[in-house]
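Sharing a structure below in structure tokens format, with a few things to ask.
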Amino acid sequence: MPNVRVIDAEGENHGVITLDDALEIAEQAGLDLVEVSPQVSPPVCKVLDYGKYKYEQQKKANEARKKQKTIDVKEIKMRPGIDEHDYQVKMRNVRKFLDNGDKVKMTIRFRGREMAHQDLGLKVLTRVREELDEVIKIEQMPKTEGRLMVMVIVPK
């Protein structure tokens, strides 16, 4: 007969006893015998109301899920010949996204003959990198994908 360590409803430790004795203690209390720590030797069992126990576990899981932060990828689209004021507006949004802990995907879109001047797009991304150097880490260096040049940055 396997032995288990039993803790009753009041939190009192009954020590290591046989499984039959543990079930008898639970039956006398009118509660369930629940294995709470199966990986130790001998396993630890508690005398408690199983329905209430499951409810408490579910509440803990829901609280943990509420507190966790999801990281979103925000995209900022620019053009190689972006004007100064437009650039400042975009940078204000980038800072706001980074402060919220989100990743930011910087995209430069080339149209028509702008494809011949990809160095202008690279200059814009380099300027972004230099301005935000102390608060960002570059996850993906600027690379060209068709008519787009993409760089992904994350907060430090």
Side-chain angles (χ1 to χ4, degrees), residues 2 4-11 13 19 22-23 26 31-156:
V4 292
R5 184 175 304 276
V6 176
I7 300 170
D8 67 10
E10 286 81 42
N13 190 347
L19 189 57
L23 287 169
L31 297 170
D32 303 310
L33 184 68
V34 179
E35 188 176 40
V36 291
S37 187
Q39 63 274 13
V40 295
S41 180
V44 177
C45 295
K46 258 187 171 176
V47 176
L48 46 82
D49 182 1
Y50 185 64
K52 186 176 179 182
Y53 175 73
K54 273 184 66 173
Y55 174 74
E56 292 292 330
Q57 294 295 83
Q58 187 67 38
K59 271 182 67 173
K60 281 183 190 174
N62 286 344
E63 281 297 315
R65 202 173 312 119
K66 277 184 194 174
K67 287 186 176 123
Q68 81 183 31
K69 167 81 171 94
T70 58
I71 296 176
D72 296 331
V73 177
K74 303 288 187 173
E75 185 172 17
I76 297 289
K77 295 181 180 179
M78 295 184 185
R79 297 280 311 281
I82 190 168
D83 195 51
E84 181 61 31
H85 182 262
D86 296 336
Y87 175 82
Q88 293 303 328
V89 170
K90 300 278 188 184
M91 289 306 292
R92 194 164 48 241
N93 286 333
V94 168
R95 284 191 172 88
K96 185 172 66 176
F97 296 149
L98 290 171
D99 289 342
N100 289 340
D102 297 324
K103 288 184 182 184
V104 179
K105 179 179 179 182
M106 304 292 299
T107 305
I108 305 288
R109 182 156 183 259
F110 297 98
R111 294 195 336 218
R113 283 180 242 153
E114 290 175 347
M115 283 300 290
H117 301 287
Q118 291 188 3
D119 57 320
L120 294 176
L122 194 59
K123 280 183 186 174
V124 173
L125 291 179
T126 304
R127 181 176 170 195
V128 169
R129 189 172 66 210
E130 287 170 356
E131 280 187 27
L132 299 173
D133 194 34
E134 65 279 348
V135 293
I136 64 163
K137 186 169 66 178
I138 296 177
E139 188 172 273
Q140 178 186 326
M141 292 300 281
K143 73 174 187 182
T144 307
E145 299 171 355
R147 292 197 163 275
L148 302 176
M149 185 177 285
V150 178
M151 175 174 77
V152 179
I153 56 177
V154 293
K156 278 188 180 173

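In what follows, residues are counted from 1 in the order of the sequence shown.
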Partner residues of L48 under the side chain to side chain contact (heavy atoms under 4.5 Å, CB included) criterion, sequence neighbours left out: V34, K46, Y53

Which residues pass the salt bridge (charged side-chain N to carboxylate O under 4.0 Å, His left out) test with D102, not counting sequence neighbours? K69

Residues G121 and M149: closest non-hydrogen pair is C-SD, 4.0 Å

Provide the closest heavy-atom pair for L98 versus I153 in the form atom of the first, atom of the second, distance. CD1-CD1, 4.3 Å

So CD of E63 and NZ of K60: to nearest 0.5 Å the spacing works out to 11.5 Å

A quick test of your reading: do over 12 heavy atoms of other residues, nucleotides or ligands sit less than 6.0 Å from CZ of R79? yes

Could you give me the CA-CA distance, side-chain angles and deciding distance for R147 and R111, then say whether side chain to side chain contact (heavy atoms under 4.5 Å, CB included) is met? CA-CA 7 Å; R147 292 197 163 275; R111 294 195 336 218; 5.7 Å; no

Residues in side chain to side chain donor-acceptor pair (under 3.5 Å) with R65, at least two apart? N62

Applying side chain to side chain contact (heavy atoms under 4.5 Å, CB included) to Q140 and not counting sequence neighbours gives K143, E145, V150, V152

Note: C45 and E35 closest approach over all heavy atoms is SG-CA, 4.0 Å

Distance, nearest 0.5 Å, that separates CD1 of I136 from CE of M106: 8.5 Å

Taking NZ in K137 as the centre, count heavy atoms belonging to other residues, nucleotides or ligands within less than 6.0 Å. Is the count above 12? no

Suppose the criterion is salt bridge (charged side-chain N to carboxylate O under 4.0 Å, His left out): which pairs have a residue in residues 119-129, not counting sequence neighbours? E84-R127, R127-E131

Once salt bridge (charged side-chain N to carboxylate O under 4.0 Å, His left out) is applied, do any residues pair with E56, and if so which ones, sequence neighbours excluded? none

What one should report as the nearest heavy-atom pair of D32 and Y50 is OD2-N, 3.0 Å

About how many Å separate CG of D8 and CG of L33, when rounded to the nearest 0.5 Å? 11.5 Å

Any side-chain heavy-atom pair of F97 and D72 under 4.5 Å: no

Just verifying a value: how many Å separate R95 CZ and L132 CG, rounded to the nearest 0.5 Å? 5.0 Å

Flag side-chain contact, heavy atom, 4.5 Å: M151 against I108: no

Return the minimal non-hydrogen interatomic distance between K156 and D133, and the atom names on each side. NZ-O, 3.5 Å

So how far is it from M78 CE to I76 CD1, rounded to the nearest 0.5 Å? 6.5 Å

Do you know the tightest heavy-atom contact between P42 and V4? CB-CA, 4.3 Å

